[in-house]
Amino acid sequence: MNTPPQPHFVRPCTRIWLALITLTAVTYSIGEAGLGGKNIMLLVLGITLLKSQMIASYFMGLRKASPMWRIIMASWLVIVGGMIASAYLMGLQ
Amino acid sequence: MSTPSIVLHSHKPGSPPGDLAIWFFIFAELLAFGIFFGSYAFSRAHHVELFNQSQLLLNRESGAINALVLITSSYFVVRAVAAIKQGLDRECANWLAAAIGLGCVFVVIKLFEFHAKFSAGISLSTNTFYMFYLSLTIFHFMHVILGMVILAAVMLKARRGGYTPEEHTGVETGASYWHMVDLVWVVLFPLVYVIR
């Protein structure tokens, strides 16, 4: 029996995996350099939200799901990111 | 003989991969972790110095390696789903075994980390930072264990030929849960180990 071709989502997911590895290395390097402050926090948080969205859309397959599911996930990310950023800014005062 | 084609959607169009029930469970879990993350962040706002000093004593290498381990494990699970869509049940089981193997690596690294902290006399009552660090990471640790149990059950069924390209909801259900476990660590690592 012929094996069906590899599903089309494998290649984009491989690229996403490599991007996630790279972005994790960037986050780790920022930590190792001991960097802090508002701008660094926003950069690290931005990378984190980007990585989370990549996992949700590609690995979890939500990009093929109806808008309702994507909105629920995006709302979670926005609320969690918003809480982290606003609490950080509160701590600066 | 016609070339077999891949069934891309074994579920209702528009619904996320896997059993619908797991998605209610996933979002309930994300809600719990979200509240936990928010509590950590706002608690830090009141104890910035304490949190920054305590964070310096964490093993950032372990946290980063575990992030890479879970991300790669998640990718292996993607490959397992791809394999079963092609009808390659043994290959699917092998990818799942590799994902579980990386789950074991995560568990071992985390146990070393916990052991180091407990040996140094650190506990939930040491200070507010460690209360959050230990409870957050132990809560996530239990999700990793549960995820590995789910993946193991799916792997055994796949090995027995229990899934087909037409019906493999179980593989997608287990995969979705495992990705959630990965997603939570992707937020937890920078929040607890890096942001200062």
Side-chain angles (χ1 to χ4, degrees), chain A residues 1-10 13-14 16-18 20-21 23-25 27-28 30-32 34-37 40-41 44-45 47-49 51-52 54-56 58-62 64-69 72-73 76-77 79-81 83-93, chain B residues 1 3-6 8-9 13-18 23 26-27 30-31 33-34 37-38 40-48 51-52 56 60-61 63-64 67-68 71-72 74-75 77-79 81-82 85-88 165 172 175-176 179-180 182-183 186-187 189-191 193-196:
Chain A
M1 188 187 112
N2 296 330
T3 304
Q6 195 177 58
H8 59 86
F9 61 78
V10 173
C13 281
T14 303
I16 290 294
W17 170 58
L18 292 172
L20 289 169
I21 296 288
L23 291 172
T24 302
T27 302
Y28 170 71
I30 290 171
E32 279 302 281
L35 301 175
I40 295 295
M41 178 276 294
V44 171
L45 195 56
I47 291 174
T48 301
L49 296 182
K51 284 168 71 182
S52 304
M54 285 173 167
I55 291 171
Y58 288 86
F59 284 10
M60 295 176 118
L62 286 187
K64 296 279 171 63
S66 65
M68 181 191 76
W69 295 101
I72 295 173
M73 182 57 87
W76 183 80
L77 287 173
I79 292 169
V80 168
M83 281 195 300
I84 294 171
S86 50
Y88 186 93
L89 296 177
M90 249 175 72
L92 289 180
Q93 289 164 5
Chain B
M1 191 180 125
T3 307
S5 61
I6 298 173
L8 291 174
H9 297 287
S15 59
W23 283 91
I26 285 173
F27 283 116
L30 287 178
L31 183 65
F33 274 106
F37 292 152
Y40 171 94
F42 284 106
S43 185
R44 181 189 176 279
H46 296 290
H47 309 90
V48 175
F51 273 57
N52 281 351
L56 289 175
R60 199 181 296 112
E61 285 76 24
L68 299 179
I71 286 166
T72 304
S74 231
Y75 172 68
V77 166
V78 168
R79 300 299 303 258
V81 173
K85 282 180 186 289
Q86 292 177 275
L88 305 169
E172 291 182 331
S176 299
H179 296 317
M180 183 274 291
D182 174 31
L183 174 64
V186 159
V187 179
F189 168 62
L191 176 64
Y193 290 77
V194 177
I195 290 177
R196 53 187 295 105

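Just so we're on the same page: letters track the sequence lines, and every chain starts at 1.
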Heavy-atom pair of closest approach, residues [X] and [Y]:
X: B:Lys85; Y: A:Pro7; result: CB-CG, 4.0 Å
X: A:Val10; Y: B:Ala82; result: CG2-CB, 3.4 Å
X: B:Pro190; Y: A:Thr48; result: CG-OG1, 3.1 Å
X: B:Val186; Y: A:Lys51; result: CG1-CB, 3.8 Å
X: B:Val48; Y: A:Gly91; result: CG2-O, 3.6 Å

Distance in Å, [X] [atom1] paired with [Y] [atom2], rounded so as to fall on 0.5 Å steps:
X: A:Thr14; Y: B:Arg79; atom1: OG1; atom2: CZ; value: 5.5 Å
X: A:Thr27; Y: B:Ile195; atom1: OG1; atom2: CD1; value: 9.0 Å
X: B:Thr72; Y: A:Trp17; atom1: OG1; atom2: CH2; value: 5.5 Å
X: A:Met60; Y: B:Leu183; atom1: CE; atom2: CG; value: 5.5 Å
X: A:Trp76; Y: B:Phe33; atom1: CH2; atom2: CZ; value: 9.0 Å
X: A:Met73; Y: B:Trp23; atom1: CE; atom2: CH2; value: 5.5 Å

What class does the angle between the rings of B:Phe27 and A:Trp69 fall in, given that below 30° is parallel, 30 to 60° is tilted and above 60° is perpendicular? parallel

Kindly assign one of parallel, tilted or perpendicular to the pair B:Tyr75 and A:Phe59, based on the angle between their ring planes and the thresholds 30° and 60°.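 Ring orientation, 0 to 90° scale: tilted.
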
Proximal component of [X], with respect to chain A [non-hydrogen, under 4.5 Å]:
X: B:Leu191; answer: side chain
X: B:Phe189; answer: side chain
X: B:His47; answer: neither
X: B:Leu56; answer: neither

Looking at chain A, which one of B:Met180, B:Arg60, B:Arg196 has the largest number of heavy-atom pairs inside 4.5 Å, strictly under? B:Arg60

When only pairs under 4.5 Å are counted, which of B:Ala67, B:Ser43, B:Gly87, B:Ser74 shares the most heavy-atom pairs with chain A?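 Top count of heavy-atom pairs under 4.5 Å with chain A: B:Ser74.
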
Where does [X] contact chain B at under 4.5 Å (heavy atoms): side chain, backbone, both or neither?
X: A:Met54; answer: neither
X: A:Ile55; answer: side chain
X: A:Glu32; answer: both
X: A:Leu35; answer: backbone

Please determine, among [options], the option with the most heavy-atom pairs under 4.5 Å with chain B.
options: A:Leu23, A:Ile47, A:Ile72; result: A:Ile72
options: A:Leu77, A:Val44, A:Leu92; result: A:Val44
options: A:Ala85, A:Ser86, A:Pro67, A:Ala65; result: A:Ala65

Looking at A:Tyr88 and B:Phe42, would you say the former's side chain and the latter's main chain have a donor-acceptor pair under 3.5 Å?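 Flag not set: sc A:Tyr88 to bb B:Phe42 has no pair under 3.5 Å.
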
Side-chain contact test, heavy atoms from C-beta onward, threshold under 4.5 Å: evaluate it for A:Met90 versus B:Arg44 and give yes or no. no

